[in-house]
Each structure stands twice: as structure tokens, then as C-alpha cells.
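Here's the structure, in C-alpha cells; my notes come after.
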Amino acid sequence: MEHASPGMSRLAGLLAVWLAVMAASPAGQALPPRIAAGWQAYVAAAEVRITRERGQAIPGRPDVERGEIAVEQVGTPGPAGDLEVPDAGIHHWRGTVLVPGARLDDVVSRLEQEPPDTRQEDVVTAAILEKRPGWLKVAIRVRRSLIVTAVFDTEHEVSFERHGAGRASSWSTATKIVEVADAGTPRERPKRPDEDRGLLWRWNAYWRYEQVERGVLVECESVTLSRPVPFVLRPVAGPIVGHVARESMDRTLAVFRERFRK
């Protein structure tokens, strides 16, 4: 029988302690000014590049051409290396997929008219709250399983733009994120701000769509903000956080491909 090393046992114990402390020490949704300013600075810097690329061609990738989903972690350069948000964790990921046989006009038209797909296991329910040309307000209940599982009721404003006949883009901002206590039970209720655990503070997404010979090429960037993992736990929790984020992006794009492929 194998035994964990003393170092791993100690880190596992610290991880358990952190989870207990996190549950007992809610973070609240009203971000401290230092964190809010850091988030705004990060988003502003990232959107300079994203806006510049919005009408450009999505870079080709051999793995995507072979039918794979490419997922990578993204950083946003600053004066002294990649930008960070003080006292918080930034999770910035990008994924690319080819939707075989799809037509751009059909994809964009349906995205503007239909609620988000609930076949993805992270998405519990979805509905359109408001709609006008080139703009949606949607409500999505999401389930996030990181080191702990949490359910959130979220609302997002989504904008769409066409860039000539062969390209389009959309971008969304979460305007409401509320963690749900006892989700799916008779005791279900929205948590008060002072009960929030800081697992999902902010959430932006940026999409590009391009008509290519074999279908529609799709790229998604997701940027979220949460409570940080304590430094001493990063050797254990860091890889878990990265693995879960990568899998979530992969599932999102896999469901998108199945929804629109011909």
C-alpha cells in the first residue's frame, strides 16, 4: 500500500483547512476598491488587443483543422510582465474550434435569437430576459465545480457585431452574479452578499466567428475573477484550478460545435 509523502500530506491538510476557512469567511460581492480597480485595469488592457483583433482572421491551427479543440491560458502584458489583480485570482482562457459545415449567417442569427445551450453540464438553466437587434440580456444558472461545487444565478448583457460578409463577433459582461444556497432543494435561496465565498466575482466573455471553407471557425476568450488561492497551497490547488478551467472551456466549445454543425 502506497503512502503519501509528508510534504503532500501537509499540503492536502492545508488545502482542507483553506476550504473550511473559505466557507467560514465569506468574501462578499462588493469588491474592495483595490481589487475593483485591478479588475478594471486588467479588462481595459485585455480589451485593447481583443478589440483590435475583433474583425481580423482567427489564426489557423493544424490541431483545430484536424477536428480537435485547442485551449490555452492567456496573459495580458503590462509594464512589468503579465498583469495581475491584487488580492484576487484572474482566470483568462482561450479556446478555438471548427464547426464543420456550419454557415456564419445561421450561427449568428441563432445566437441572437436563442438562449444559451443547456446541454453543457455547467449550465443548469438559461433564458432570454430582453432582446433587441444585436443585443441580448440573458439569465443563466451555472454550476461550478472547482475544489468545491457552487451554483450561481447570473445575468449577462451580450452584444453582436458583423465584420463584413465572413466574420462576426460577440462579447458579454456578467451584470449579476449571486451564489445560490441549497440549489435544487426546497431550501434553495440566494445567498446574502456577506455569505458569498468569492468563487466567482466577475465574468466576461469574448467570441469571434469566421466563415472558412469547411465551416465556421470559432474562438472564445473567457476572463473571470475570484478569490485567490493562498500562496502555500498553489502547488496543490493551482493545477486543479487550471485543469478545471481548461475542461470547462473544452466542454463549452464541444457543445457549441454539436449545436451548429451540419
Side-chain angles (χ1 to χ4, degrees), residues 31 35-65 68-86 88-99 102-112 116 132-138 154 156-175 201-226 242 245-246 248-250 252-253 256-257 260:
L31 295 182
I35 298 178
W39 166 253
Q40 292 297 331
Y42 186 94
V43 168
E47 287 186 346
V48 169
R49 173 188 57 79
I50 291 169
T51 301
R52 182 177 65 247
E53 295 175 348
R54 192 164 281 160
Q56 297 179 3
I58 299 172
R61 298 180 58 122
D63 50 352
V64 174
E65 287 292 325
E68 299 175 23
I69 297 173
V71 180
E72 59 188 343
Q73 193 166 12
V74 181
T76 295
D82 282 350
L83 291 176
E84 297 182 353
V85 176
I90 280 280
H91 315 283
H92 190 167
W93 291 81
R94 176 168 55 217
T96 310
V97 68
L98 175 66
V99 184
R103 304 303 302 172
L104 180 66
D105 287 343
D106 175 58
V107 170
V108 175
S109 176
R110 289 177 59 188
L111 288 172
E112 290 181 321
R132 57 177 181 261
W135 183 87
L136 293 176
K137 184 174 184 179
V138 298
T154 69
H156 309 254
E157 294 187 358
V158 189
S159 298
F160 297 87
E161 185 176 353
R162 297 296 297 260
H163 309 279
R167 295 172 189 157
S169 62
S170 65
W171 57 98
S172 66
T173 301
T175 57
W201 279 332
R202 298 291 185 269
W203 184 6
N204 287 6
Y206 309 87
W207 294 75
R208 291 198 285 167
Y209 319 93
E210 181 179 1
Q211 186 72 62
V212 295
E213 183 177 354
R214 294 179 53 202
V216 173
L217 195 59
V218 178
E219 178 188 270
C220 174
E221 285 195 42
S222 174
V223 188
T224 60
L225 183 74
S226 70
R246 181 182 294 274
S248 178
M249 176 65 77
D250 189 272
T252 296
L253 293 178
F256 190 101
R257 178 173 59 192
F260 291 105

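Side-chain atoms are counted along with the backbone in the values below, which use heavy atoms only and exclude waters and symmetry mates.
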Electrostatic pair Glu157-Lys137, nearest N-O below 4.0 angstrom: no
Counting only pairs under 3.5 Å, give me each side-chain donor-acceptor contact of residues 54-62, with atom names and distances, residues two or more places apart or in other chains.
from: Gln56; atom 1: NE2; to: Arg52; atom 2: O; distance (Å): 3.1
from: Arg61; atom 1: NE; to: Asp63; atom 2: OD1; distance (Å): 3.2
from: Arg61; atom 1: NH2; to: Asp63; atom 2: OD2; distance (Å): 3.2

For a side chain to side chain contact (heavy atoms under 4.5 Å, CB included) check, start with the C-alpha distance between Leu136 and Phe160, then their side-chain angles and the critical distance, and finish with the verdict. CA-CA 9 Å; Leu136 293 176; Phe160 297 87; 4.0 Å; yes
Close aromatic pair by centroid cut-off 6.0 Å: Phe256 and Trp207: yes
Should Trp171 and Ile50 be marked as a side chain to side chain contact (heavy atoms under 4.5 Å, CB included) after you check the CA-CA gap, both sets of side-chain angles, and the distance that decides it? CA-CA 10 Å; Trp171 57 98; Ile50 291 169; over 6 Å; no
When rounded to the nearest 0.5 angstrom, what distance separates CG in Leu98 from CD1 in Ile69? 10.5 Å
Can you name the closest pair of heavy atoms from Arg103 and Val216 and give their distance? C-CG2, 3.7 Å
Residues passing the salt bridge (Lys or Arg N to Asp or Glu O under 4.0 Å) test with Arg214, sequence neighbours excluded, are Glu65
Taking the side chain as every heavy atom from C-beta outward, state whether Ser170 and Glu161 have any pair of such atoms under 4.5 Å apart. no
Just distance, no hydrogens or angles: give the donor-acceptor pairs under 3.5 Å from side chains in residues 36-49, sequence neighbours left out.
from: Tyr42; atom 1: OH; to: Thr76; atom 2: OG1; distance (Å): 3.1
from: Tyr42; atom 1: OH; to: His92; atom 2: ND1; distance (Å): 2.7
from: Glu47; atom 1: OE2; to: Tyr206; atom 2: OH; distance (Å): 2.7
from: Arg49; atom 1: NH1; to: Glu53; atom 2: OE1; distance (Å): 3.0
from: Arg49; atom 1: NH1; to: Glu221; atom 2: OE2; distance (Å): 2.9
from: Arg49; atom 1: NH2; to: Glu221; atom 2: OE1; distance (Å): 2.9
from: Arg49; atom 1: NH2; to: Glu221; atom 2: OE2; distance (Å): 3.2

The reported gap from CG in Leu217 to CD in Glu210 (rounded to nearest 0.5 angstrom) is 6.0 Å
Shortest non-hydrogen pair, Ile35 vs Pro86, comes out as CG1-O, 3.3 Å
For Asp105, what residues pass the salt bridge (Lys or Arg N to Asp or Glu O under 4.0 Å) criterion, not counting sequence neighbours? Arg162
Contact summary for Ala88 and Leu225, nearest pair of heavy atoms: CB-CD1, 3.6 Å
About how many Å separate CZ of Arg94 and SG of Cys220, when rounded to the nearest 0.5 Å? 10.5 Å
In short, Gly95 meets Leu253 closest at the heavy-atom pair C-CD1, 3.3 Å
Atom CZ of Phe260 and atom CZ of Arg110: how far apart are they, to the nearest 0.5 Å? 4.5 Å
Work out which heavy atom in Gln211 is nearest to a heavy atom in Ala102; give both atom names and the distance. NE2-O, 3.2 Å
Look at the side chain of Arg246 and the backbone N and O of Val71, then say whether any donor-acceptor pair between them is shorter than 3.5 Å. yes
Minimum-distance pair of heavy atoms, taken over all atoms of Val64 and Val97: CG1-C, 3.9 Å
Rounded to the nearest 0.5 Å, how far does CG of Asn204 lie from OG1 of Thr224? 9.5 Å
Residues in salt bridge (Lys or Arg N to Asp or Glu O under 4.0 Å) with Glu112, at least two apart? none
Going by the rule ring-ring contact (aromatic ring centres under 6.0 Å, His included), which residues pair with Trp203 if we only count those two or more places apart in sequence or in a different chain? His156
